[in-house]
Every structure is written in structure tokens, then in C-alpha cells.
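Okay, so here's the structure we're looking at.
Below, chains carry the letters A, B, ... as their sequence lines are ordered, and counting in each starts from 1.
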Amino acid sequence: MLLAGGQGSRLNSLTRDIAKPAVPFGGKYRIIDFPLSNCTNSGINTVGVLTQYQPLVLNSYIGIGSAWDLDRKDGGVTVLPPYTASGEVKWYSGTASAIFQNLNYLKHHQPDYVLILSGDHIYKMDYEKMLEAHIEKGADASISVIEVPWEEACRFGIMDTDEDMRIVEFTEKPAEPKSNLASMGIYIFNYSVLEDCLEKDNIIPQSSHDFGKDIIPRMLEEGKKVFAYPFKGYWKDVGTIRSLWEANMDLLDDMCGLDLFDYTWRIYSVNPNQPPQYIGQHAFVTESLINEGCMVEGKVVRSVVFQGVTVKEGAAVKESVIMPDAVIGKGCHIEKAIVSPGINIPAGTVITPDIQGEIVLVSEDSIKQFLSC
Amino acid sequence: MLEKRLLGVIDATAFHEGLQELTLHRSPAAIPFGGRYRLIDFVLSNMVNSGIQSVAIFPKYQYRSLMDHLGSGRNWDLNRKRDGLFFFPSPRLDHPVTGVGPLDHFAANIDFFKRSEQEYTLITNACTIFNTHFFPVLEWHIASGCDITAIRKGGVSLGMYLLKTSLLRELIETRHETGYLSVRDAATDPNSPLSLCSYPYEGYAAMIDSVDTYFSASMDLFEPEVWNQLFPRERPILTKVKDEPPTRYAREAYVHNTMVANGGLIEGTVENSIIARGVKIGKGAVVRNCIIMQKSKIEENCIVEGAILDKDVKVERGAHIKASGKKPYVVRKGTVQGAWMNS
């Protein structure tokens with residue numbers, strides 16, 4: 001069950017018309033390609049995608065799931081939007097309520113285990129290994145955790161575990177963290193336990209119907225066996241403009257641990273069908289990722305460039321992310337910026353970070369401020 | 001929809017001596033082109049973009065790679081319940097018929113032509129690089145009242161013919177009486193009782209029948225005029241999806257006037273070349289005026305000039321490959337070029 005209804009409001013105008021999981025990433029992907037590809041690579045081929053906020057682009061992108069080999073006769077991908085029942089519209093008010101309202105989807109497939117994912121993170125993970133650990137421990141639920149730096153632990157849901165990785169305490173954003181194991185928002189439940197927990201939670205009026213805030217703490221109170229599954233590798237929440245930019249820049253670093261070139265664990269996406277990129281006579285491209293359909297006549301340094309982008313003569317793009325079909329005009333200078341899809345930046349525009357070094361998001365609205373000065 | 005009345009037939013039986021170096025393991029229709037395509041993609045995409053919903057492909061030799069490439073036709077939106085993509089390999093492996101549209105080969109699959117409901121049939125070769133909409137040709141053919149329309153560019157035949165499906169069936173059935181071996185024979189017979197016409201095609205078109213025409217058509221891609229004609233947004237050339245990541249340029253990369261497909265890792269110098277999907281070019285290597293096909297690997301400090309590297313070629317560290325004279329030097333699929341094998 002892939003939770004893809006998030007608004008991602010801290011991504012500002014990037015998520016004005018699309019849900020966060022549909023935000024472009026890494027030169028050719030959208031964020032949701034990562035969990036969906038992880039599913040198909042882990043051998044999971046029944047996936048429910050729960051959508052709510054601005055679902056149009058996401059729905060048409062997922063389609064029948066053929067890009068991820070999830071167009072199956074049995075199972076496959078199913079988009080699960082909120083719906084009306086008995087005369088009232090039931091919006092997904094929290095992560096748990098979203099799953100609760102789709103219990104009939106789960107019942108239909110009669111699973112032994114349910115994997116709950118969020119569509120907001122960039123990582124590669126074999127969920128099958130997590131399931132093996134879950135079964136081996138005889139757990140009721142497992143939560144995937146990653147070590148975060150101690151000073152950042154207060155920003156996450158933190159697990160305190162015993163030697164056997166059984167979770168003894170779970171605190172959401174603790175002021176004084178007892179451990180540095182943070183929840184990655186990836187859960188495996190025994191189906192019967194999940195069904196039971198969700199039904200109980202539904203009738204508690206003060207519950208916010210959230211896995212991290214309500215379901216997991218209550219399971220711990222009841223003495224259920226909840227285990228932490230430690231994950232090692234690259235994992236990043238791309239919830240802000242800066243973290244989205246950082247995650248893109250990480251791809252240019254050999255040591256980052258997220259290898260897009262690993263053919264045994266491919267990240268699939270919907271193919272835009274464009275011709276090869278053309279690197280011009282006077283172009284200069286270094287330390288960058290460039291996708292098909294680009295026309296580069298200028299300079300591109302340490303940047304991630306999506307399909308169909310044009311970088312005209314004399315333009316310089318540095319440490320930036322240029323999203324699909326944007327046009328960088330002649331002689332522009334773009335530094336530390338994320339350029340939104342389809343933006344046409346007129347010749348000679350200079351976009352550099354402010355004194356604090358904040359990453360600039362160039363959008364339909366924000367571009368005006370660079371033109372006037 | 002007028003387009004729906006058109007049946008597409010691609011003759012992929014051709015055998016060109018001049019292409020032998022590139023066709024040891026594949027039919028000419030499956031020769032990689034332009035970094036991410038195969039020759040057949042152009043005519044097949046043109047048919048699909050023109051609204052043709054039923055395409056039959058007639059291959060003869062070495063069609064494994066062609067079948068692998070086309071699959072169910074999904075990448076061309078031809079995996080349909082009604083119509084779609086059909087594949088009719090030749091039951092016999094004797095000499096190829098020179099000329100597009102082998103009637104014997106069609107006769108072996110006459111049921112297909114009997115069952116197809118489309119009123120008109122477009123028969124083409126599989127090895128022409130062009131991008132066009134066939135609708136105006138059909139309109140022209142209907143308006144002219146001709147029996148067979150040949151598409152020509154500057155008077156030269158492009159090996160593409162349009163005729164009524166009923167006439168095609170008749171040509172197949174009467175082939176022994178008429179002595180015609182191919183549709184081309186029927187379309188070029190000076191004593192033909194049929195009315196034969198020419199449709200003047202004016203855009204870019206390059207027929208690939210030798211290593212030289214292959215190389216020069218590849219180099220044509222560097223002309224913006226040709227590029228814009230071949231790859232307009234509204235009529236994309238469709239091909240098999242490979243799910244390669246974007247191409248990565250390392251700090252040492254130095255690339256000019258070059259076409260690069262996805263999945264590449266470029267650490268060296270590349271000029272005036274076409275680099276296919278998943279190619280690796282190592283540090284200090286220099287690649288000039290080359291066509292490098294899928295998954296080939298050029299290791300550190302190599303120099304490769306004026307060469308066509310077929311798929312999966314490995315050029316070992318420090319090797320030099322240079323074409324002597326103007327003819328491109330072809331390195332065969334899957335071979336390893338060591339430093340001691342200087343050509």
C-alpha cells in the first residue's frame with residue numbers, strides 16, 4: 001500500500017498542481033518511481049496506490065502500471081482514491097485512515113502481510129529481505145529504521161529498541177532522543193493484526209489516525225511484538241526545496257550509495273520517447289546527468305538536466321536542477337537553482353542564490369523577480 | 001477516419017551485400033541507428049503516427065534481433081485486440097527477391113491479406129530514414145485514380161508503394177501468369193496495363209543499403225535541418241524502451257558536437273560522434289567521428305577515429321583504432337580490440 005496523497009507543501013509551487021510523489025527527480029524519474037520500482041524488484045506485484053491531493057498527473061502517470069511491469073492479470077497496480085460511502089465523502093484524514101478506508105481492497109486480495117510505504121522518499125530497498133526478517137522474528141509489525149546523526153534525531157520518529165531490535169518505545173520528534181534510529185515510514189504488518197488495529201483506531205474519536213502517532217504507540221502499549229528492521233544505504237526525504245536539490249546533487253557523487261546504473265536493481269519510469277541528447281560544438285558539460293531530448297549549446301557544470309531541456313549558447317548552468325522542457329536562454333547564468341518544468345528563461349537572465357545561499361526555485365511566478373532587476 | 005482504411009506492410013526481407021559487416025547477426029531492419037533506434041523504427045513509427053493500426057512485417061534472414069526489438073508492438077501502441085502488429089517470417093530461405101514486396105512470401109500468408117479489412121495497402125522497405133505522414137500520400141493516390149502509386153524523391157524510387165488491397169491480392173494470385181516477383185516489378189513494368197503514378201516526396205529520406213550510406217546518413221543527423229525533420233515533437237520516432245538512467249558526464253568529460261543516448265558514462269573526449277545507449281568511455285580516451293553502438297566500452301587512453309563500433313565491443317586500455325582513408329572502419333559485434341591489434 002503506497003501512500004501517495006501527500007501535498008508536499010514545503011516544495012512550494014512545484015506541488016501546486018501535482019502531488020509530491022509526482023515531482024520530477026534525478027533527470028528522468030518522478031519520486032514515486034523509486035518505491036514502485038522497489039516493489040517490482042522485490043517481487044511484489046500487487047500494489048495499491050492511495051491518492052488524494054492533485055491526483056490527475058499522478059493517475060495518468062501510473063496508468064495501468066506497465067512502466068514498472070505492474071500490469072498484471074492478477075493483482076498489478078490499483079489507484080485508490082477516497083470515495084463516498086453511505087452518503088458521506090470520507091477523505092483520508094491520516095495515513096491509518098487511508099488504509100482503513102481501503103480494507104475492502106486488502107480483503108479482496110487476502111494477503112498474509114501488508115507492506116505500507118510512503119511515496120515521498122528516494123531510496124533503493126529490497127522489501128523481501130525486510131519481510132524475511134519480519135517472519136523470522138515472529139513480529140506483529142516491523143518498522144524499517146535508519147541511523148540518523150544524533151543532532152538530527154529530534155526531527156524524526158525515533159525508536160528505542162532492546163538488543164533483539166524489538167521496539168520498546170516510539171517517540172515522534174523527541175526533544176531528548178534516546179536513540180538515533182529513525183522510522184523510514186515503511187511498515188510490514190501481519191494482515192490480521194493490521195485489520196484489528198485499524199478497526200479499533202477508527203472508533204477512537206481523539207485519534208489522528210496516523211501510524212506513527214496513534215497505531216504504533218498503541219500497539220506498544222498493548223505489548224504487541226513490534227520490531228525495528230535496520231536499513232543501511234541511501235535514504236532521503238525530499239520534502240523541501242533544499243533536500244530535493246541535495247538529493248539530486250547526491251546523484252553526481254560516486255560515493256552517495258544510490259546507484260542508478262545498477263542493472264540488477266533498475267529504477268523504472270515512463271519513457272518520454274525523445275531522441276538522443278545533442279551536445280553542441282561550443283558546449284561544455286561536466287559532472288552532470290543529462291537526459292534524452294536535450295539540446296546543450298552552453299555550459300553545464302554539476303547539474304541534473306531532465307528530458308527536452310534546451311541550454312542555449314553562452315548560457316551557464318551550475319549546481320542546478322533543470323526540470324523537463326525548460327529553456328535556458330542565451331547568456332543566462334543559473335546557479336544553485338531548481339528550474340520548474342517548461343519554464344522559458346529569457347536571454348541574459350542571472351539567477352544566483354541570495355546571501356544565505358538558499359536554493360532558488362524558478363517558477364512561473366518567481367521568474368518575474370529575476371527579470372525586473 | 002481515412003487513415004484507418006490503410007494497411008501497413010513492411011518488407012524486411014532485403015539483403016544488402018554492402019551492409020554485411022553490420023548484418024552478421026541481424027536483419028538490416030534491425031541495424032541500430034541514431035544512438036537509440038533501429039532502422040525499422042522510422043517507417044514503423046511513421047505508419048503508427050499516420051494512424052495505421054495494422055502493420056505486417058515480412059522478415060527473412062536473421063530475424064531474432066528484429067523480433068526481440070518489436071516484441072508485441074507495445075512500444076508502438078500496436079498491441080491491439082483488433083489489428084495491431086503481425087510478423088510473417090519467410091517459410092523458405094532461398095535467394096531474396098530484389099525489389100520491395102516479394103509476392104511469393106505474401107502468397108504464403110494470403111489469409112492475412114484476405115482477412116484484412118483495410119481498403120488500401122502501403123508497402124515499404126524497412127531501411128529508410130525519414131519522418132512523414134502518409135495521409136497526404138493516400139489522399140493523393142485516391143484523388144489521382146492511379147492503380148499503383150510509387151513514392152519518389154527527385155525521381156528516385158524510395159521503395160514504397162500504395163495500392164488497393166484488392167489489387168495486391170490480385171497481383172499475388174496472378175504472379176505466375178504475370179511473372180512479377182515483387183510489387184516493385186508490377187510498379188515498374190513499362191508494359192503494364194495498370195496506371196502507374198509517382199508521388200513526389202520532398203522531405204529528407206536516406207535509404208540505407210551499404211556501410212557508406214549508413215555512415216553518411218548518421219552524420220546527416222548533425223544537420224539541424226535534418227534533425228528537425230526527423231524528430232518533430234508531434235511525430236516521435238518510437239523505439240524499444242530500455243529504462244536507462246540519464247547519461248553521466250564525469251569531471252574529465254570533454255564532449256563536442258555529439259549525440260548521446262541514455263545510460264552512458266563519459267569520462268573522456270568525444271567529438272562529432274553518435275554514442276548509443278549504455279556506452280562507457282574511459283578517462284583519457286579520445287573518440288572522433290565515430291558511431292558507437294549500444295553497451296560498447298572504450299577503456300582508458302584509447303584513441304578511436306572514424307570507426308563504427310557494433311554492439312558490445314570492448315576496446316581495451318590504450319588501444320588505437322583508426323580508419324585508413326575515408327571508409328569507416330567497422331568493428332564487429334561483441335569483439336575485443338586489444339592494444340596490440342592496431343589497425
Separation between [atom1] of [X] and [atom2] of [Y], rounded to the nearest 0.5 Å:
X: Tyr278(A); Y: Asn257(B); atom1: OH; atom2: CG; result: 3.5 Å
X: Ile290(A); Y: Ile266(B); atom1: CD1; atom2: CD1; result: 9.5 Å
X: Thr258(B); Y: Gln277(A); atom1: OG1; atom2: CD; result: 10.0 Å
X: Ile237(B); Y: Asn273(A); atom1: CD1; atom2: CG; result: 9.5 Å
X: Asn271(A); Y: Asp243(B); atom1: CG; atom2: CG; result: 7.0 Å
X: Arg251(B); Y: Asp254(A); atom1: CZ; atom2: CG; result: 10.0 Å

For a quick test of reading the model, state the closest non-hydrogen atom pair linking Pro246(B) to Gly26(A) and the distance between them.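 Closest approach of Pro246(B) to Gly26(A), heavy atoms only: CG-O, 3.5 Å.
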Specify the closest pair of heavy atoms between Pro276(A) and Gly34(B), including all atoms of both residues, with the distance to one decimal.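 Shortest heavy-atom separation between Pro276(A) and Gly34(B) comes out as CG-O, 3.0 Å.
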Let's test your reading of the structure: which of [options] forms the most heavy-atom pairs below 4.5 Å with chain B?
options: Thr286(A), Ile279(A), Asn291(A); value: Ile279(A)
options: Glu292(A), Gln281(A), Arg266(A); value: Glu292(A)
options: Leu252(A), Val285(A), Leu260(A); value: Val285(A)
options: Gly308(A), Gly27(A), Ala283(A), Gly280(A); value: Gly280(A)

Test item: Pro245(B) and Tyr29(A) side chains (from C-beta on) under 4.5 Å apart, heavy atoms: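 When only atoms from C-beta onward are counted, Tyr29(A) and Pro245(B) do touch, with a gap below 4.5 Å.
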Under 6.0 Å from the [atom1] atom of [X], do we count more than 12 heavy atoms belonging to anything else shown?
X: Lys333(B); atom1: NZ; value: yes
X: Lys236(A); atom1: NZ; value: yes
X: Glu364(A); atom1: CD; value: no
X: Lys129(A); atom1: NZ; value: no
X: Lys124(A); atom1: NZ; value: yes
X: Arg72(A); atom1: CZ; value: yes

Which of parallel (below 30°), tilted (30 to 60°) and perpendicular (above 60°) describes Phe284(A) and Tyr254(B)?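 Phe284(A) and Tyr254(B): perpendicular rings.
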Heavy-atom contact with chain B under 4.5 Å, split by part of [X]:
X: Tyr263(A); result: side chain
X: Asp262(A); result: neither
X: Glu297(A); result: neither

Criterion side chain to side chain contact (heavy atoms under 4.5 Å, CB included) on Trp227(B) and Met295(A), from CA distance to verdict: CA-CA 11 Å; Trp227(B) 176 269; Met295(A) 198 65 103; 3.6 Å; yes
Pairs of heavy atoms under 4.5 Å with chain A: top-ranked of Arg233(B), His256(B), Arg248(B):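 Option with the greatest count: Arg248(B).
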When Pro236(B), Gly263(B), Gly35(B) are compared by non-hydrogen pairs under 4.5 Å with chain A, the top option: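 Winner by heavy-atom pair count: Gly263(B).
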Within the distance-only criterion (no hydrogens, no angle test), does the side chain of Thr247(B) pair as donor or acceptor with the backbone N or O of Leu289(A) below 3.5 angstrom?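 No, because the side chain of Thr247(B) does not come within donor-acceptor range (under 3.5 Å) of the backbone of Leu289(A).
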For Ala250(B), is it the side chain, the backbone, both, or neither that has a heavy atom closer than 4.5 Å to a heavy atom of chain A?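 Looking at Ala250(B), just its backbone touches chain A.
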What part of Glu244(B) gets closer than 4.5 Å to chain A, counting heavy atoms only: side chain, backbone, both or neither?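 Both parts, heavy atoms under 4.5 Å.
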Quick one: do Val300(A) and Tyr249(B) satisfy side chain to side chain contact (heavy atoms under 4.5 Å, CB included)? Show the steps, please. CA-CA 10 Å; Val300(A) 178; Tyr249(B) 294 79; over 6 Å; no
